[in-house]
Structures are given as C-alpha cells and as structure tokens.
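Just below is one structure, and these are the notes that go with it.
In this text the structure is predicted, and so the values were computed from the model without any measurement.
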Amino acid sequence: MLHGQSSVGDPDADRDRFVLQARLEGMSLSAWLRAAAHTRLEERQHLKPFESLEDIKEFFKMCDALEGPEMDPTGMSTYVS
C-alpha cells in the first residue's frame with residue numbers, strides 16, 4: 001500500500017495503523033485524530049493570493065466549471081434559455 005492510501009473496505013486495518021502511529025507519537029487515538037484534523041484544516045486554509053490578472057482569470061474559469069446551481073451571488077439566475 002502506498003503512503004497516504006487507505007485500505008478501502010478494511011476499516012479495522014486503518015484503525016490499527018492509526019492506533020499504532022498515535023502510540024508512536026505518545027498520543028491517544030482521539031488526540032492523534034484531532035491533531036491530524038487540525039493539520040489538514042490549516043493546510044487547506046492557507047489561500048494563495050492572486051499574483052496576476054491571469055491568476056484571477058484562471059480562478060473564475062475554474063469557478064465556472066464547477067457543478068452547482070446556475071445562480072450568481074446576487075441570487076439572480078444566470079441561466080440563459
């Protein structure tokens with residue numbers, strides 16, 4: 001199994017790996033899971049600022065490609081028939 005992969009279909013194997021790692025770090029499983037969750041949140045909350053007009057254009061292209069309701073922030077429908 002590669003680093004970062006979950007053993008899909010075997011939650012007991014995942015739990016065993018998590019418990020082992022928590023013990024190696026001197027933590028309970030719940031403390032280790034909380035620490036891992038905090039780390040993950042911190043990593044995802046660091047936003048990269050736009051550095052150019054191209055960055056902004058790329059951001060809005062990605063937003064336009066997302067699935068979701070066809071509404072703009074004002075609540076007006078952007079659907080054109």
Would you mind listing every ring pair (Phe, Tyr, Trp, His ring centres under 6.0 Å) that reaches into residues 16-36, with sequence neighbours excluded?
Phe18-Trp32
I need the Arg40 CZ to Leu33 CG distance, nearest 0.5 Å.
12.0 Å
Nearest 0.5 Å, please: how far is CG in Leu29 from CZ in Arg34?
9.5 Å
Among all residues two or more places apart in sequence or in another chain, which pass the side-chain contact (heavy atoms from CB on, under 4.5 Å) test with [X]?
X	result
Arg23	Val19
Asp55	Phe50, Glu51, Ser52
Leu24	Leu20, Gln21

Does Ser30 have any side chain to side chain donor-acceptor pair (under 3.5 Å) partners at least two apart in sequence or in another chain, and if so, which?
Ser28
Are any of the side-chain nitrogens in Asp14 or Arg17 under 4.0 Å away from the carboxylate oxygens of its partner?
yes
Which residues end up grouped with Leu41 if you chain together Ile, Leu, Val, Met, Phe, Trp and Tyr wherever their side-chain heavy atoms are less than 4.5 Å apart?
none
So, using salt bridge (Lys or Arg N to Asp or Glu O under 4.0 Å) as the criterion, who are the partners of Glu54 when residues are at least two apart?
Lys57
